[in-house]
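In what follows, a structure is listed as structure tokens, so that the remarks can point back to it.
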Amino acid sequence: GGGGKISPTKPGASATAPSRREKGGAVDLAPYAGLTDEEKKHPFNVTLLESAAVLEAEIAAAQQKPSSSFEAEMRAGQLEMQYQILVMRIQNGQLDQPGYLAIVEERVRRDKVLAQYFLKAKGEQSTAISIMKRVKVMQKECADLKAALASGGGGAAEGQ
């Protein structure tokens, strides 16, 4: 087994209200302590995209753009690879639907905090908006998956 720490989050947990500024205009960074350096430096890194729906949307967006740069072509290839790995993990049983749902729900939670970080701590509104767009995609995917699981799509013993 691995040593991965899973911590269920409850509504009202400390990661919920990161909008307070200190008296001198300095930003209270405590709410963002759980974010990794990778998340803060590269919020659009392909490795942070753990949702099939988000990957599909990103791939479609990448295909719409003319592949004018090497970076754009590289990103498109990385998105495709990340998507294929996810599909493979699901198909070979490494990842079941409740497990996948838990991963995506955790990414939603982390991305909400990440969007707040970019909005409040960095003042980068456009980055925060882009992150929240992918949160919306993941929230819809989670709702759809929960509905499928509830209607007998398998593994409904998961209580969250």
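Just so we're clear, the structure is a prediction, and the values are computed from it rather than from any experiment.
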Grab the two heavy atoms, one from M138 and one from D111, that are nearest each other, plus how far apart they are. CE-OD2, 3.3 Å
What I'd like to find out is whether the side chain of K112 reaches to under 4.5 Å of the side chain of Q139, using heavy atoms alone. yes
How far does CD of E105 sit from OG of S51, to the nearest 0.5 angstrom? 11.5 Å
Which residues pass the side chain to side chain donor-acceptor pair (under 3.5 Å) test with E124, sequence neighbours left out? T127
Can you list, by chain and residue number, the hydrophobic cluster partners of I85 when the side-chain cut-off is 4.5 Å? M81
Determine the minimum heavy-atom distance between A62 and A76, stating which atoms define it. CB-CB, 4.1 Å
If you round to the nearest 0.5 Å, how far is OH of Y117 from CD1 of I131? 10.5 Å
Which pairs count as salt bridge (Lys or Arg N to Asp or Glu O under 4.0 Å) when at least one residue sits in residues 136-145, sequence neighbours excluded? K140-D144
Residues clustered with M88, ILVMFWY side-chain links under 4.5 angstrom: none
Give, for atom SG of C142 and atom CD1 of I103, the distance between the pair rounded to the nearest 0.5 Å. 11.0 Å
For Q78, check side chain to side chain donor-acceptor pair (under 3.5 Å) against everything at least two apart and list the hits. none
Verify the cluster assignment for I129 and M132: are they in a single hydrophobic cluster under the rule of side-chain heavy atoms below 4.5 Å apart? no
Pairs involving residues 75-90, ordered by first then second residue, that meet salt bridge (Lys or Arg N to Asp or Glu O under 4.0 Å) (sequence neighbours left out): E58-R75
Qualifying residue for side-chain contact (heavy atoms from CB on, under 4.5 Å) with L48, from R110, E39, H42, Q82: E39
Side chain to side chain contact (heavy atoms under 4.5 Å, CB included) for R109 and E106? Distances and angles first, verdict last. CA-CA 5 Å; R109 187 191 69 76; E106 175 63 9; 2.7 Å; yes
If I compare all heavy atoms of L101 with all of K146, which pair ends up nearest, and what's the gap? CD2-CG, 3.6 Å
Could you check whether any side-chain heavy atom of F44 comes within less than 4.5 Å of a side-chain heavy atom of L49, counting everything from C-beta outward? no
Working to the nearest 0.5 angstrom, can you tell me the gap between Q116 CD and Y32 OH? 5.5 Å
Show the nearest heavy-atom pair for residues A52 and L86, with the distance to one decimal. N-CD2, 3.6 Å
Would you say K40 has more than 12 foreign heavy atoms packed within less than 6.0 Å of its NZ? yes
Worked verdict on Q63 versus I59 for side chain to side chain contact (heavy atoms under 4.5 Å, CB included): CA-CA 6 Å; Q63 289 171 346; I59 289 167; 3.6 Å; yes
For E56 and Y83, run side-chain hydrogen bond (donor to acceptor under 3.5 Å, both in side chains): C-alpha distance rounded to whole Å, both residues' side-chain angles, the deciding distance at 0.1 Å, then the answer. CA-CA 8 Å; E56 288 168 359; Y83 183 78; 2.8 Å; yes
CD/E50 to CG/L95 distance, rounded to the nearest 0.5 angstrom? 10.0 Å
